[in-house]
Enquirer: 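Following this message is one structure expressed as structure tokens.
Numbers restart at 1 for each chain; the letters A, B, ... are given by sequence-line order, proteins then strands.
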Number of protein chains: 2
Amino acid sequence: MYRLLVADDHPLFREAMVAVISRGLSGSETLEAASLAAAIGVVAQHDDLDLALLDLGLPDAEGLSGLAQLRQAAPWLPVVIVSAEQHKQTILEALNLGAVGYIPKSTPRDALLAALQQVLAGQVYLPPDIMRGSQPGSAAPPPTPSQLASLTGKQREVLAHMVKGESNKMIAYRLDIAETTVKTHVSAILRKLRVSSRVQAILLASERDDAVR
Amino acid sequence: MYRLLVADDHPLFREAMVAVISRGLSGSETLEAASLAAAIGVVAQHDDLDLALLDLGLPDAEGLSGLAQLRQAAPWLPVVIVSAEQHKQTILEALNLGAVGYIPKSTPRDALLAALQQVLAGQVYLPPDIMRGSQPGSAAPPPTPSQLASLTGKQREVLAHMVKGESNKMIAYRLDIAETTVKTHVSAILRKLRVSSRVQAILLASERDDAVR
DNA sequence: AATGGCCTCCTACCAAGGGAGGAGGCCGGC
DNA sequence: GCCGGCCTCCTCCCTTGGTAGGAGGCCATT
């Protein structure tokens, strides 16, 4: 009926998930991947998948960057995040990155099944608690507190120029360093901020540019 | 010797300019145009022109859009901007649009002549003060009041996704159109917003995203 | 003295962004 | 009807962005 991909590094959890699916969505086929790289490999060869279940915390994908990479590799593939984490901010960012749902690992089996059916039907599934809380923007727990703090001095400096809309070449000129060096810094920034493009880094940074100024 | 086009809506100024040219560049021929439309008509029929002097503030051309149109109509034709304005930002944008020089109307006759000879020789002429001022980025005037309003529906839609940090590919997926179409829209957006990169467009739009939401 | 972090720079390579130009379909105003 | 704006899509081409990996210099801690 459906073709699903389960990407999780815990074999046990994968098994459980597959069991739930095979029992609840009879006739469905499941593929498995123990790493992000494997998952990307799978989706590259199977363009007929209906849904991917992606665990946050894969060894080769730090958090949401895995989602970004997977979505990049296969924009046509709906992805549901399956995670132990439940921070509101993480969930919102996942949606922002194109996830069609977010399923906490603590979800009971029947609710999990319902959630899967919901996203397979084209809906978005979110844990009930996140939907009832206050507005996404308001009174949110310090969303991205520490990632900016982990940047080194030069990296912060480069980021400040990025936020002004400057190209790598311009930044190099302004800071009087080589463009390749700027690229090095930019790559480091993207990695630390766990995003996959300059634009996302800029948006993240300018949301709370307090840290940059 | 040279064939020049003087596009300015003030007859008096045109005359003065023509006088300077005929005296300083003996043997040169000058054509005149009192509007952008006329200028475009002239260049369409004279493909042997060496240079166009374009006034900003022509009645049928709002500022730099006149330059854009003229350059579009005749990309082979070098254009020097002649303007009363001297805002640094305007000058930079003019160069960005392909102008080969920028001559303030306040320029004394001999300097003006020197400037013309300079651009006819293939050089770029800029008012001396601009070259020495502080960084281009600083103290920029709030340039964009209503450009967002000039965007079409789909363009606004695409921009809204850009602002969320999505790539062209993702936007194409979301809007269910081809990536090339997205690129077309993005190009149009950049042109209308008078910026030269996606990041700048995003920053501009999200400054006052009131227009996008 | 050695280690490790940071900054610098490089090559090489691949993906994404953006411009130019052309083309067809749709729709609304003249 | 025709024309112009908008949306769609394409090809070709170049620039920019980003990753990978290696390398040398500086400096503080150990």
Side-chain angles (χ1 to χ4, degrees), chain A residues 36-37 40 44 60-62 65-66 68-75 98 149-159 161-203, chain B residues 37 65 68-69 71-76 96-98 149-163 165-204:
Chain A
L36 180 65
I40 290 178
D60 57 346
E62 343 174 295
S65 81
Q69 288 176 250
L70 183 58
R71 295 236 1 110
Q72 195 163 2
S150 70
L151 298 181
T152 68
K154 254 302 185 302
Q155 286 166 4
R156 250 198 222 79
E157 205 173 335
V158 168
L159 181 55
H161 284 273
M162 288 168 64
V163 168
K164 290 200 266 178
E166 296 179 10
S167 66
N168 289 340
K169 191 179 296 186
M170 266 196 228
I171 297 173
Y173 174 69
R174 296 284 175 84
L175 299 185
D176 195 32
I177 55 181
E179 189 184 345
T180 56
T181 306
V182 176
K183 283 186 172 188
T184 304
H185 289 312
V186 171
S187 285
I189 291 169
L190 298 190
R191 209 178 329 108
K192 287 188 179 177
L193 259 41
R194 315 222 161 158
V195 293
S196 55
S197 82
R198 136 183 315 245
V199 173
Q200 290 167 7
I202 290 170
L203 293 175
Chain B
S65 80
Q69 289 177 249
R71 297 246 348 119
Q72 193 163 2
W76 48 269
N96 209 356
L97 286 172
S150 70
L151 298 181
T152 68
K154 253 304 186 301
Q155 286 165 4
R156 250 199 222 80
E157 206 173 333
V158 169
L159 181 55
H161 283 272
M162 288 167 66
V163 167
E166 297 179 9
S167 67
N168 290 341
K169 191 180 297 187
M170 270 197 221
I171 297 173
Y173 174 69
R174 295 284 177 85
L175 300 186
D176 195 29
I177 56 181
E179 189 184 346
T180 56
T181 305
V182 176
K183 282 187 173 186
T184 303
H185 288 312
V186 171
S187 287
I189 291 169
L190 299 189
R191 210 179 326 111
K192 287 190 179 175
L193 260 41
R194 313 223 164 159
V195 294
S196 53
S197 82
R198 132 180 322 240
V199 173
Q200 290 168 7
I202 290 169
L203 293 175
L204 199 62

Enquirer: I want to confirm an ordering. Mapping Thr184(A) and Asn168(A) to their closest nucleotides on DNA chain D, which one lands closer to the 5' end?
Expert: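 Residue closer to the 5' terminus by nearest nucleotide: Asn168(A).
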Enquirer: Return the nearest nucleotide to the side chain of Ile177(A); candidates are dG17(D), dC10(D), dT8(C).
Expert: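 Nearest listed nucleotide: dT8(C).
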Enquirer: Classify Lys183(A) by what it touches in the nucleic acid, base, sugar-phosphate, or nothing, heavy-atom distance under 4.0 Å.
Expert: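 Since a base atom lies under 4.0 Å of Lys183(A), the category is base.
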Enquirer: Over how many whole Å does the gap from Glu166(A) atom CD to dT16(D) atom P extend?
Expert: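 That distance rounds to 14 Å.
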Enquirer: Walk me through it: do His161(A) and Met170(A) pass the test side chain to side chain contact (heavy atoms under 4.5 Å, CB included)?
Expert: CA-CA 9 Å; His161(A) 284 273; Met170(A) 266 196 228; over 6 Å; no
Enquirer: Quick one: is Ser187(A) getting a side-chain N or O under 4.0 Å of the dT19(D) phosphate, OP1 or OP2?
Expert: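 Result: yes.
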Enquirer: Is there side-chain contact between Leu159(A) and Gln155(A), with heavy atoms separated by less than 4.5 Å?
Expert: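 Not touching, per the 4.5 Å side-chain cut-off.
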Enquirer: Between dG18(D), dC7(D), dG18(C), which nucleotide gets closest to the side-chain atoms of Thr152(B)?
Expert: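 Looking only at heavy atoms from C-beta outward on Thr152(B), the closest nucleotide is dC7(D).
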Enquirer: Between dC9(D) atom P and Leu175(B) atom CG, what is the distance in whole Å?
Expert: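 From Leu175(B) CG to dC9(D) P: 11 Å.
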Enquirer: Contact class for Ser167(B) vs. all strands (heavy atom < 4.0 Å): base, sugar-phosphate, or nothing?
Expert: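 Sugar-phosphate: the residue Ser167(B), judged by heavy atoms under 4.0 Å, touches backbone atoms but no base.
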Enquirer: Among dG18(C), dC6(D), dC9(D), which is the nearest nucleotide to the side chain of Thr180(B)?
Expert: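 Per side-chain heavy atoms of Thr180(B), the pick is dC9(D).
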Enquirer: Distance check needed: dC6(D) C1' versus Gln155(B) CD, whole Å only.
Expert: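 Rounded to whole Å, this separation is 9 Å.
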Enquirer: Say you draw a straight line from CG of Asn168(A) to CE of Met162(A); how long is it, rounded to the nearest 0.5 Å?
Expert: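 One gets 7.5 Å once the value is rounded to the nearest 0.5 Å.
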Enquirer: Between C1' on dG18(D) and CG on Leu193(A), what's the gap in Å once rounded to a whole number?
Expert: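 One finds 15 Å between C1' of dG18(D) and CG of Leu193(A), rounded.
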Enquirer: Send over the distance from Leu190(A) CG to dA20(D) C1', rounded to a whole Å.
Expert: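 Atom-to-atom, Leu190(A) to dA20(D), this comes out as 14 Å.
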Enquirer: For Ile171(B) and dA16(C), what is the distance between atoms CD1 and C1' respectively, to the nearest whole Å?
Expert: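 Atom CD1 in Ile171(B) sits about 12 Å away from atom C1' in dA16(C).
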Enquirer: Just to verify, which of Glu157(A), Glu166(A), Glu179(A) counts as forming a salt bridge (charged side-chain N to carboxylate O under 4.0 Å, His left out) with Arg174(A)?
Expert: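 Per the salt bridge (charged side-chain N to carboxylate O under 4.0 Å, His left out) rule, the option paired with Arg174(A) is Glu166(A), out of Glu157(A), Glu166(A), Glu179(A).
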Enquirer: For dC7(C) and Thr181(A) - does any side-chain N or O of the residue sit under 4.0 Å from the phosphate oxygens OP1/OP2?
Expert: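 Answer is no, no contact under 4.0 Å.
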Enquirer: Report yes if the side chains of Lys192(B) and Thr152(B) come closer than 4.5 Å at any heavy-atom pair, otherwise no.
Expert: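 When only atoms from C-beta onward are counted, Thr152(B) and Lys192(B) do touch, with a gap below 4.5 Å.
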Enquirer: Between Lys154(B) and Lys169(A), which residue's closest nucleotide on DNA chain D lies nearer the 5′ terminus?
Expert: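 The residue whose closest nucleotide sits nearer the 5' end is Lys154(B).
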Enquirer: Of the nucleotides dC7(C), dG17(D), dC10(C), which has the atom closest to the Ala178(A) side chain?
Expert: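 Looking only at side-chain atoms, Ala178(A) lies closest to dC10(C).
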Enquirer: According to a strict under-4.0 Å criterion, is His185(B) in side-chain N/O contact with OP1 or OP2 of dT8(D)?
Expert: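 The answer is yes; a side-chain N or O of His185(B) sits under 4.0 Å from OP1 or OP2.
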Enquirer: Please give, in whole Å, the distance from dA20(D) P to Arg191(A) CZ?
Expert: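 Whole-Å distance recorded here is 8 Å.
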Enquirer: Rounding to an integer number of Å, can you tell me how far Glu179(B) CD sits from dA15(C) C1'?
Expert: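 In whole Å, dA15(C) C1' lies 10 Å from Glu179(B) CD.
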